[in-house]
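Please read all numbers here as calculations on a predicted model, not as lab measurements. Order of the sequence lines fixes the chain letters, A, B, ..., with proteins taken first and strands second; residue numbering starts at 1 for each chain.
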2 protein chains.
Amino acid sequence: MTAKLVSELAEKIQQKIAAGEFPPGHRLRQELLAKEFDVSRTPIREALRQLETKGLVSQSHRKSAVVSAPSLRDVKETYQVRAELEGLAAELAATWITDAQLALMRETHARFAEAIETLARHSAKAQRDKAARLTKQMSAAAEAWTRTNAAFHRIIHDACDNRRLSATIHDLNQGQIRSIMLATILGMDAHRLRLTLTHHERILGRLSARDVKGAREAVVTHIQESGEFVVRWLERNYPGPDRQMQASKPDADGSIRPWWTAADD
Amino acid sequence: MTAKLVSELAEKIQQKIAAGEFPPGHRLRQELLAKEFDVSRTPIREALRQLETKGLVSQSHRKSAVVSAPSLRDVKETYQVRAELEGLAAELAATWITDAQLALMRETHARFAEAIETLARHSAKAQRDKAARLTKQMSAAAEAWTRTNAAFHRIIHDACDNRRLSATIHDLNQGQIRSIMLATILGMDAHRLRLTLTHHERILGRLSARDVKGAREAVVTHIQESGEFVVRWLERNYPGPDRQMQASKPDADGSIRPWWTAADD
DNA sequence: AGGACAATTCTTGGATACAAGAATTGAAAA
DNA sequence: TTTTCAATTCTTGTATCCAAGAATTGTCCT
């Protein structure tokens, strides 16, 4: 379908943005990227153009591309649109979802619950001990959280039988806010983490019952409340789109410390 | 914000696609485009990459970019998403719209009504006289229809106070289906044309009354019924995504005859 | 020390070069 | 006449080149 090299490059750059290695505000120099991926600047430029069109970076004439930082308003707006679209997807999925997909959702949900319990334990410990750092296990659990959460929602998008809808939702999520979500869950206490779990259980229940309106309502509420939590977290911790954030260099132990690990001060 | 030349080129190519000069299935050769716009292939390639990301063309490795033809399924899916999003926009707009915007809507609506009356007259004549060709006046009226229709909806998007939402809707509309809409209205009889008018009047009424749910319902119904009409028309007339359509060369009189003017046989 | 400004170095944007692989053409065979 | 297949011609993908304009540096002045 699409040209191979360029979209691979775009993919890799996008991942580094999502991972926090290229934080919002970071300048993306074509020559450096070209050297890093061992190609010439030509395909890099096209990859950057692709990311620009997707809204992940912004380019001004004769200036380096810059990783764009969503404003608080962007985040709020995006959640509002997401709630609507994921609600529609759930409504449709309630009709079209197969038993196999429902089984897969339950399985995914179980793994999600595990990740949440791990996170909740660590979060409780972090509250007792203020000096607690971001441990390897905690990052791994956070990563598992995002992965299983995405998988859970993904099944709904797949089941809605409307590719355009799922593509639109996907674009919205992959946009600028993915790394923010990852940042946010580290700020959830045990209670808030488990609330997400009950949301998902309710969604699962409505879908299993093929309750069209109920599934929609459950998903809309879930997304809206998640959005509200994210916004509250950001209002407390987010540097905002104007502040230039440090590029994260690999640590002594080789791990990357993304910008958001420093936000909780 | 964005680099100048490349997005200008993308814009021009997009317009030619919407105007039917580059019909679905048409190969876009970089060298030809470069010559046509008097630049080198480099910026052309980036413009094509941009259009690819927006979904207007598709590129395979070492093959010319091709203007993508939406399948019937694509069109149906897009209308379903549009109905949902424009419904949300209307719901929000009912709260935020200003009196000035409402006045502007009424004005736009008046011009829309004029275009429809012109079209309805020509459509009635065309039914009496099967040999009637697509006249200049009729094209102009069709063009006025799309313009004022877009303006009408645009005011709602602007008034919804959610830029992300209006951008998402805009992307959806500008995508592949813009030229199809233009094609479709030529297939509307006088009754169907006037039905659109009453839809718009109802929307205007609900917005003026600041009726949140009513505005939503009016817009959703409007988009859904429009979508159903478009789909029915396409089922009768659309060549489909697989058939290669002729590139439209300027006629003897210099006018372009887009692919859809030949569809009504 | 700190700020203004000129010289220098980077970095980008567009053009061009060239190799690899499609598309096309034309001749020969069925 | 139609089909097949090799030779030829186009077209794309990546690298490289160069000029124009940012960003940076260093110096001089206050």
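Here the P atom of nucleotide D/dG13 and the CZ atom of A/R45 are 15 Å apart, to the nearest Å. Between the CD atom of A/E31 and the P atom of C/dT9 there is a distance of 17 Å, rounded to whole Å. Between the CD atom of B/E46 and the C1' atom of D/dT12 there is a distance of 15 Å, given to the nearest Å. Distance CG (A/L32) to P (C/dT11): 7 Å, rounded to an integer number of Å. Rounded to an integer number of Å, the gap from CZ of B/R41 to C1' of C/dA19 is 12 Å. What separates NZ of A/K35 from C1' of D/dA15 is a distance of 15 Å, to the nearest Å. When the P atom of C/dT12 is taken as reference, atom CG of A/L33 falls 9 Å away, rounded to whole Å.
Side-chain contact annotation: B/H157 with B/E86, donor-acceptor N/O pair under 3.5 Å present. Counted by atom type alone, A/R178 and A/N173 present zero donor-acceptor pairs between their side chains at under 3.5 Å. Side-chain contact check for B/N149 and B/T146: no donor-acceptor pair (N or O, by modelled atom type) lies under 3.5 Å.
For the helix from C/dA1-D/dT30 to C/dA30-D/dT1, the end axes, each set by the C1' atoms of five terminal pairs, are bent relative to each other by 10° (nearest 10°).
Residue A/L9 is out of contact with every strand shown, counting any heavy-atom pair closer than 4.0 Å. Residue contacts for B/L48: at a heavy-atom cut-off of 4.0 Å it reaches no nucleic acid atom on any strand shown.
Listed candidates were D/dA15, D/dT12, C/dA15. Nearest to the side chain of A/P43 is D/dA15.
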Could you list the protein-to-nucleotides 19-25 of chain D atom pairs, N/O on both sides, closer than 3.5 Å?
{"unit_1": "D/dA20", "atom_1": "N3", "unit_2": "A/R62", "atom_2": "NH1", "d": "3.4"}

